> 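After the structure tokens below, expect a handful of questions from me.
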Amino acid sequence: MPELPEVETIANGLRLGCSAPAEAAHPALPGLHILSARLLWERTLATPTPAEFYTRIAGQAFESIGRRGKFLLARLTQDTLIFHLRMSGDLLVERLEAPMAPHHRLVLELEGGWRLTFNDTRKFGRAWLVSDPEQVTGKLGPEPFSPALSAPVFYQMLQRSRRQLKPLLLDQSFLAGLGNIYTDEALHRAGLHPLRAADSVPADQAEALLGAIRSVLQAGIQHHGASIDWVYRGGDFQNQFYVYQRTGAPCKTCGTPICRVVIGQRGTHFCPHCQPEG
DNA sequence: ACGAGCGCCTGTCGGC
DNA sequence: TGCCGACAGGCGCTCG
């Protein structure tokens, strides 16, 4: 579940805790101490070595929870613990005595009988424990909601690239946080073809694209993200899709069947009428 | 500088 | 039923 709105949803849950359904209730992380760590799949930990990780993280406490692009950042007493969920990662706060679900890859034992678990079916997710988060997030492009990212700035960013819009928007060093779903949805809202060359987009359409990116991400966050397949956390943005996974279905705007093509090895969905080429 | 291909993993689904 | 390929919300690495 790992695009910006899903990571934001998970970060909010860890930051604020949850009291609602009793079986999912858990405390907020900030303030809680980490007693010990256990790695169940070694490659989940990008850095440091497991031995150093265990000794360094024990005794630290969570201070704050943040997000940068698709990275979730947990600021600890001394270091920053960073997660990237990739395709199937998830973070859960559970009772220590609860049975261990399949696919748990990293477990932090917390004070008060709780544990933070990183669950990741496909094992693509990664964790880092670093003193400076820039070591991990340093190459990311701007945050989509950054006030510094004005329409003229975004237009200039597009002008500097001749790449196709779809792969460019997926490039995290260009803009941080978009993935396959929200890119397709944003391009549809902006009426832009995914193969369109970035430097061919005029200023007014660049502004519309930035607005579409922000509105689709905002809608995703308001719906607590999208829940697809086996990964379900209560989000329901999947019911709001206009193009993603709607191949052959009528466009909600004009009725034309939605097309699916492969661009940069990623399934890409668009309306050939609302998003004309050139 | 860029795109294509592949590796990393597990699971589901549709077709035969 | 069983097998097999395609596909999946990501990204880093090669190689042209």
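Here the structure is a predicted model, which means the values were calculated and not measured.
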> Need one value for A/Arg160: base, sugar-phosphate or nothing, where a base atom within 4.0 Å counts as base even if backbone is also close, heavy atoms only.
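Touches nothing.
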
> Should the side chain of A/Gln265 and the base of B/dG3 be counted as holding a donor-acceptor pair, with the cut-off at 3.5 Å?
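In this structure, the two groups form no donor-acceptor pair.
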
> Quick one: which of A/Thr253, A/Thr268, A/Ile258, A/Ile181 gives a side chain to side chain contact (heavy atoms under 4.5 Å, CB included) with A/Val243?
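The side chain to side chain contact (heavy atoms under 4.5 Å, CB included) with A/Val243 is passed solely by A/Ile258 among A/Thr253, A/Thr268, A/Ile258, A/Ile181.
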
> Taking Watson-Crick (N1-N3 plus N6-O4 or O6-N4) and G-U wobble (N1-O2, O6-N3), each under 3.5 Å, can you produce the dot-bracket string of DNA chain C? Use [ ] for crossing pairs and | for inter-strand ones.
.|||||||.|||||||

> Is the side chain of A/Arg196 donor-acceptor paired with the backbone N or O of A/Pro276 at a distance under 3.5 Å, no angle test?
no

> Take atom P in B/dG5 and the same atom in C/dA8, then report the distance between them in whole Å.
16 Å

> Does a salt bridge link A/Arg67 with A/Glu8, judged by any charged N lying under 4.0 Å from a carboxylate O?
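A/Glu8 and A/Arg67: salt-bridged.
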
> Rounded to the nearest angstrom, tell me the gap between atom NE2 in A/His84 and atom C1' in B/dC8.
14 Å

> Closer than 4.0 Å, any side-chain N/O of A/Lys123 to the OP1 or OP2 of B/dT10?
yes

> Does A/Phe237 have any ring-ring contact (aromatic ring centres under 6.0 Å, His included) partners at least two apart in sequence or in another chain, and if so, which?
A/Tyr182, A/His223, A/Phe241

> Answer yes or no: does a side-chain N or O of A/Arg126 lie under 4.0 Å from OP1 or OP2 of C/dC11?
no

> Quick check on C/dG9: is either OP1 or OP2 less than 4.0 Å from any side-chain nitrogen or oxygen of A/Arg86?
no

> Take atom CZ in A/Arg75; do more than 12 heavy atoms of anything else shown fall under 6.0 Å from it?
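Not more than 12 within 6.0 Å, no.
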
> By a 5.5 angstrom centroid cut-off and a 30 degree plane limit, is there stacking between A/Phe124 and B/dC8?
yes

> Under 4.0 Å from OP1 or OP2 of C/dA8: is there any side-chain N or O of A/Arg260 that close?
yes

> With a 3.5 Å cut-off and heavy atoms only, can you find an N or O donor on one side and an acceptor on the other between the side chain of A/Arg162 and the base of B/dA1?
no

> Could you give the CZ-to-P distance, from A/Arg122 to B/dC8, as a whole number of Å?
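Checked: the CZ to P distance equals 13 Å.
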
> Only pairs at least two apart or in different chains count here, so list each salt bridge (charged side-chain N to carboxylate O under 4.0 Å, His left out) that has a residue in residues 240-264 of chain A.
none

> Who are the ring-ring contact (aromatic ring centres under 6.0 Å, His included) partners of A/Tyr242, not counting sequence neighbours?
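In terms of ring-ring contact (aromatic ring centres under 6.0 Å, His included), with neighbours along the sequence ignored, A/Tyr242 is linked to A/His188.
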
> Ignoring the backbone of A/Thr121, work out which of C/dG9, B/dG11, B/dC9 is nearest its side chain.
B/dG11

> Which ring pair (Phe, Tyr, Trp, His ring centres under 6.0 Å) pairs, counting each pair once, include a residue from residues 66-87 of chain A, with sequence neighbours left out?
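Residue pairs passing ring pair (Phe, Tyr, Trp, His ring centres under 6.0 Å), neighbours aside: A/Phe71-A/His84, A/Phe71-A/Trp128, A/Phe83-A/Phe118.
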
> Rounded to whole angstrom units, what separation is found between the CG atom of A/Asp120 and the P atom of C/dG9?
15 Å

> For a 4.5 angstrom cut-off between non-hydrogen side-chain atoms, does A/Pro272 reach A/Thr256?
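The answer is yes; the side chains approach within 4.5 Å.
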
> Hey, is the side chain of A/His103 poking within less than 4.0 Å of OP1 or OP2 on B/dC9, counting only N and O atoms?
no

> Going by heavy atoms closer than 4.0 Å, what residues in residues 172-182 of chain A are next to DNA chain C?
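Residues of residues 172-182 of chain A that come under 4.0 Å of DNA chain C are, in numerical order, A/Gln172, A/Gly179, A/Asn180, A/Ile181.
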
> Distance check needed: B/dC8 C1' versus A/Arg43 CZ, whole Å only.
6 Å

